[in-house]
Amino acid sequence: MATDTQAIPDEESDTGFLGLSERQVEHGKRIGFHAVLWSLIAVILFPVFWMVVVSVNQTGFGAFVDDPIGWATNADLSGYYQVWNESDFRYWFQNSLIVSLGATVLSTAVCTLGAYSIGRLRYRGRTAMATFLLVTQMFPAILIAIPLFLVFRDFGLFNTLTGLVIAYVAFTLPFAIWMLRGFYENLPESLEEAAMIDGSTRFGAVVRVILPLSAPAIATTAIFTWVLAWNEFVFALVLINDSEKQTLPPGMGQWIGQQALNWDMIMAGALGATIPMLVVFFLLQSYIVKGLAEGAVKS
């Protein structure tokens with residue numbers, strides 16, 4: 001007696017999009033994803049590569065397209081020599097490090113307690129204070145640079161790195177508080193309650209429990225604060241008058257003249273100013289990802 005037999009489906013014989021097997025479709029998706037990813041990486045890193053090309057050979061983009069290797073065979077490091085030995089770049093770099101690190105340390109210390117106060121404590125005026133901090137970010141830096149100049153001149157802080165650190169703290173503090181506030185709001189309140197039941201004070205609970213848990217978020221906030229201070233231009237231009245006390249952004253702006261542009265010198269200096277940020281993000285990228293991820297998850 002004849003019996004009907006049912007064929008066992010073969011995974012390789014299953015057809016999907018355009019007659020392709022499921023495995024082929026998944027393989028194509030992976031190839032497409034990696035192609036898009038590496039294309040984005042190339043677009044992001046191309047400005048850094050172009051800084052290297054122009055810093056060693058003032059070649060145009062058209063000449064680069066015609067001969068992509070010619071810039072390397074005719075490389076000239078005179079731009080780097082001029083930047084380091086014939087300009088105040090070393091002083092600008094040192095001043096940027098001092099001011100950025102000082103502003104980052106002070107701003108992080110203040111914003112840690114300020115963000116905890118706004119994000120965790122319940123008191124009248126808390127929402128209004130948070131809104132006021134947000135409103136301060138709506139004003140352009142040039143709008144408050146002139147009033148700061150008048151105040152700093154009267155207090156003897158004009159043309160000093162100390163005054164620039166204070167200005168940078170005022171500039172970065174609202175951003176830092178708002179960035180860290182979201183993380184504190186998502187922490188369970190039972191953490192402080194358990195510590196206080198064990199006999200700790202509120203401040204002791206913050207120091208022993210909250211701060212260790214919020215270390216990735218604090219590190220992320222400190223990194224972004226440092227980047228804001230490192231790249232700031234307006235305050236450094238208005239509040240510093242001495243060339244040897246300038247920071248990198250306004251100092252390198254002096255190389256841009258009306259009649260000529262030394263592109264090799266400008267790009268060599270820009271590359272030197274970019275390397276510290278690349279190093280910081282490369283070494284601390286795990287803290288950045290962890291801090292942003294933890295601040296985005298609702299507990």
Side-chain angles (χ1 to χ4, degrees), residues 83 87-115 129-181 218-258 265-267 269-281:
V83 166
S87 70
D88 293 330
F89 180 84
R90 63 180 69 182
Y91 301 109
W92 302 337
F93 192 92
Q94 178 181 340
N95 295 335
S96 291
L97 283 178
I98 294 173
V99 173
S100 299
L101 290 176
T104 300
V105 171
L106 291 177
S107 182
T108 303
V110 175
C111 83
T112 300
L113 299 178
M129 184 181 300
T131 304
F132 174 75
L133 291 174
L134 183 62
V135 169
T136 59
Q137 300 299 289
M138 300 171 59
F139 300 101
I142 191 61
L143 190 64
I144 60 177
I146 302 304
L148 276 179
F149 163 76
L150 298 177
V151 173
F152 283 15
R153 182 195 61 183
D154 295 339
F155 282 87
L157 294 174
F158 174 70
N159 200 30
T160 63
L161 295 182
T162 302
L164 196 57
V165 169
I166 296 174
Y168 281 1
V169 170
F171 171 68
T172 60
L173 190 58
F175 166 80
I177 290 178
W178 264 90
M179 187 172 182
L180 198 55
R181 172 199 177 195
I218 294 175
T220 304
T221 304
I223 292 171
F224 280 97
T225 301
W226 180 79
V227 171
L228 287 177
W230 181 267
N231 293 325
E232 205 285 321
F233 177 83
V234 175
F235 292 150
L237 180 65
V238 174
L239 300 178
I240 299 295
N241 193 28
D242 190 353
S243 177
E244 291 187 356
K245 294 182 180 179
Q246 284 283 10
T247 57
L248 282 171
M252 293 174 55
Q254 301 174 14
W255 296 342
I256 302 177
Q258 292 182 337
M265 190 174 178
I266 294 175
M267 288 301 177
L271 186 63
T274 305
I275 287 177
M277 288 190 292
L278 295 178
V279 172
V280 168
F281 275 95

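One-based numbering along the sequence shown. FYI, side chains are in, hydrogens and waters are out, and symmetry mates aren't considered; it's all heavy atoms of this structure.
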* Asked: Of the non-hydrogen atoms in Met252 and Ile266, which two are nearest, and what is the gap between them?
  -> CE-O, 3.8 Å
* Taking all atoms of both residues into account, what is the closest heavy-atom pair of Ile218 and Leu180, and its distance? -> N-CD1, 4.0 Å
* Verdict with reasoning, Arg153 to Leu150, per side-chain contact (heavy atoms from CB on, under 4.5 Å) -> CA-CA 5 Å; Arg153 182 195 61 183; Leu150 298 177; 3.8 Å; yes
* Student check: side-chain heavy atoms of Leu106 and Val165 closer than 4.5 Å -> yes
* Considering all heavy atoms of both residues, which atom of Val83 and which atom of Gly269 are nearest to each other, and what is their separation? -> CG2-N, 4.0 Å
* **Aromatic ring proximity Trp230/Phe93, centre distance under 6.0 Å** => yes
* Structure fact -> In terms of heavy-atom contacts, Pro250 and Glu232 come closest through CD-O, 4.5 Å
* Asked: About how many Å separate CD of Gln94 and CG of Leu161, when rounded to the nearest 0.5 Å?
  -> 9.0 Å
* Kindly compute the distance separating CG (Leu239) from CD (Gln246), expressed to the nearest 0.5 Å. => 10.0 Å
* Sub-3.5 Å donor-acceptor pair from the side chain of Asp88 to the main-chain atoms of Glu244, do we have one? -> no
* Any donor-acceptor pair under 3.5 Å linking the side chain of Trp178 with the backbone of Ala130? -> yes
* Trp92 side-chain N/O to Pro249 backbone N/O, donor-acceptor pair under 3.5 Å -> no
* Do Thr225 and Ser107 have side-chain N/O donor and acceptor atoms under 3.5 Å apart? -> no
* To do: Check for a donor-acceptor pair, side chain of Thr247 on one end and backbone N or O of Ala236 on the other, with a separation under 3.5 Å.
  => no
* **Closest contact, heavy atoms only, Ala145 versus Val238** => O-CG1, 3.9 Å
* To do: Could you tell me which non-hydrogen atom of Leu157 sits nearest to which non-hydrogen atom of Thr160, and how far apart they are?
  => O-OG1, 2.5 Å
* Asked: What distance separates Ser87 OG from Met265 CE, expressed to the nearest 0.5 Å?
  -> 4.0 Å
* What class does the angle between the rings of Phe158 and Phe149 fall in, given that below 30° is parallel, 30 to 60° is tilted and above 60° is perpendicular? -> perpendicular
* Is the backbone of Asn241 close enough, under 3.5 Å, to the side chain of Asn159 for a donor and an acceptor to pair up by distance? -> yes
